[in-house]
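In what follows, a structure is listed as structure tokens, so that the remarks can point back to it.
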There are 2 protein chains.
Amino acid sequence: MGTREQIVAAADRLFYEHGFEHTSFAAIAEAVRISRGNFYYHFKTKDEILAAVIASRVEATREMLRSWADESGDPAERIRLFIRIVVTNGPDIRAFGCPVGTLTAELAKLRHPSRPEATALFTLFRDWLGEQFTALGHETDADAMAMHVLTFSQGVATLANAFGDEDFVRREVDRLEAWLATC
Amino acid sequence: MGTREQIVAAADRLFYEHGFEHTSFAAIAEAVRISRGNFYYHFKTKDEILAAVIASRVEATREMLRSWADESGDPAERIRLFIRIVVTNGPDIRAFGCPVGTLTAELAKLRHPSRPEATALFTLFRDWLGEQFTALGHETDADAMAMHVLTFSQGVATLANAFGDEDFVRREVDRLEAWLATC
DNA sequence: TCACTCTTAGGACGGTCGTCCTAAAGGGGG
DNA sequence: CCCCCTTTAGGACGACCGTCCTAAGAGTGA
């Protein structure tokens with residue numbers, strides 16, 4: 001893996017664990033074990049590396065959604081795969097929240113120019129979920145149902161992070177899967 | 001209003017709008033129109049003022065919950081008052097998210113010592129909602145239902161902040177009120 | 001071997017941060 | 001009127017931030 005990719009990977013993780021603003025150039029450089037000068041060779045500004053991190057997350061998300069589509073032909077099962085992320089990534093979510101939700105919230109408060117790109121990560125999930133609901137025959141309110149599932153995942157992530165309660169996550173997942181079954 | 005109270009009020013608002021870390025001593029002092037030296041007379045450290053802001057929010061929340069209890073004797077109607085905060089405070093929530101959710105998320109990433117106190121704000125709502133569900137006759141799963149309502153509000157706040165969509169909020173509120181009616 | 005480009009290292013810069021100090025202004029009681 | 005305690009102002013401090021510069025090392029093709 002090239003230096004640039006290592007920087008993006010380290011920044012991605014540090015932005016997630018400590019937040020964008022709280023993560024310094026020095027911290028990223030130290031994580032990759034390169035000098036700040038070398039860092040500057042690859043990225044001129046902090047905003048530049050944020051843009052690279054977001055682009056990397058977009059690509060990773062696209063890849064994940066594609067793999068879910070491969071994993072199952074049943075749209076309801078695909079939606080369930082999304083619903084269960086909060087269980088699959090339980091430890092990270094309890095420790096740091098949802099990577100998408102916390103980043104968009106932070107960038108909103110910073111009035112950061114890259115905010116729309118971060119929000120686009122939400123749109124990726126929103127559109128994909130909408131497609132699955134459409135495939136289930138809910139053409140007219142597919143988007144509303146997609147947003148409902150997103151609402152669930154963001155609420156669960158925020159409270160799982162606040163309370164660190166694994167059982168709560170399990171209960172809410174069961175509840176939403178029951179709701180999905182009635183659709 | 002004394003200087004100290006003005007400082008807490010200004011810091012409260014700035015922490016909400018720009019985040020705790022992004023808000024500097026200088027910014028708060030400027031908002032209150034006092035010198036940084038005067039600021040230091042009232043609060044020695046940034047953590048001290050954060051503690052004061054959280055304490056102030058706890059008191060304000062207690063007062064709000066008390067006023068809701070006065071406003072209606074019906075537990076279901078009281079819960080509805082909570083559910084509708086996302087509408088009542090719509091503009092602020094779309095611009096800055098939920099004050100409790102975004103603060104706890106930020107303090108978690110900063111590993112800040114005051115994190116438990118911020119989480120206690122959630123507990124305030126959680127316990128109050130639990131009491132209302134208990135009064136409705138759901139003793140055994142009152143807490144789970146309270147957490148479900150909190151999940152809703154956090155999810156709605158996060159996505160309202162991301163997409164700025166007022167209609168989405170309305171739809172989710174209607175959905176949860178319908179759920180509440182079936183309880 | 002030599003020249004050239006890509007990559008790396010390490011320090012300098014101006015600015016802002018949280019913190020702290022000192023001195024003066026304000027204001028009520030003797 | 002003067003003393004004393006509270007409150008205010010304003011600047012100094014060391015540390016760290018993002019940014020930028022310069023020079024040396026690494027690798028490649030002629």
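Protein chains get the first letters and strands the later ones, always in sequence-line order, with residue 1 at the start of each. We use all heavy atoms of the structure for the numbers below, so side chains are in, but hydrogens, waters and symmetry mates are not.
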A:I34 side chain near A:I7 side chain, heavy-atom distance below 4.5 Å: yes
Is the closest basic N to carboxylate O distance between B:R170 and B:E166 below 4.0 Å? no
Can you find a heavy atom in the side chain of B:F15 that is under 4.5 Å from one in the side chain of B:I28? yes
Which residues in residues 32-57 of chain A have at least one heavy atom lying under 4.0 Å from any atom of DNA chain C? A:I34, A:S35, A:R36, A:G37, A:N38, A:Y41, A:H42
Geometric cation-pi criterion, B:R94 with B:F163: 6.0 Å, 45°: no
Okay, side chain of B:R78, backbone of B:S72: is any donor-acceptor separation there less than 3.5 Å? yes
Rounded to whole angstrom units, what separation is found between the CZ atom of A:F25 and the P atom of C:dA9? 16 Å
Got more than 12 heavy atoms from elsewhere within 6.0 Å of CZ, B:R62? no
Rounding to a whole Å, what distance do you find between B:H22:NE2 and C:dG18:C1'? 16 Å
Is it true that A:E77 and A:R80 make a salt bridge, defined as a side-chain N closer than 4.0 Å to a carboxylate O? yes
Could you state the atom-to-atom distance from CD of B:E30 to C1' of C:dG18 in whole Å? 17 Å
Footprint ends on DNA chain D, 5' to 3', for atoms under 4.0 angstrom from a heavy atom of chain B, come out as D:dT6 to D:dA12
With the threshold set at 4.0 Å, does a side-chain nitrogen-carboxylate oxygen contact exist between B:D92 and B:R13? yes
The bend of the helix from C:dT1-D:dA30 to C:dG28-D:dC3, taken between the axes of its five terminal pairs at each end and rounded to 10°, is 10°
Relative to B:F43, does B:K46 satisfy both conditions: NZ or CZ under 6.0 angstrom from the six-membered ring centre, and within 45 degrees of the ring's axis? no
Looking at A:R66 and A:E59, is any side-chain nitrogen of the basic one under 4.0 Å from a carboxylate oxygen of the acidic one? yes
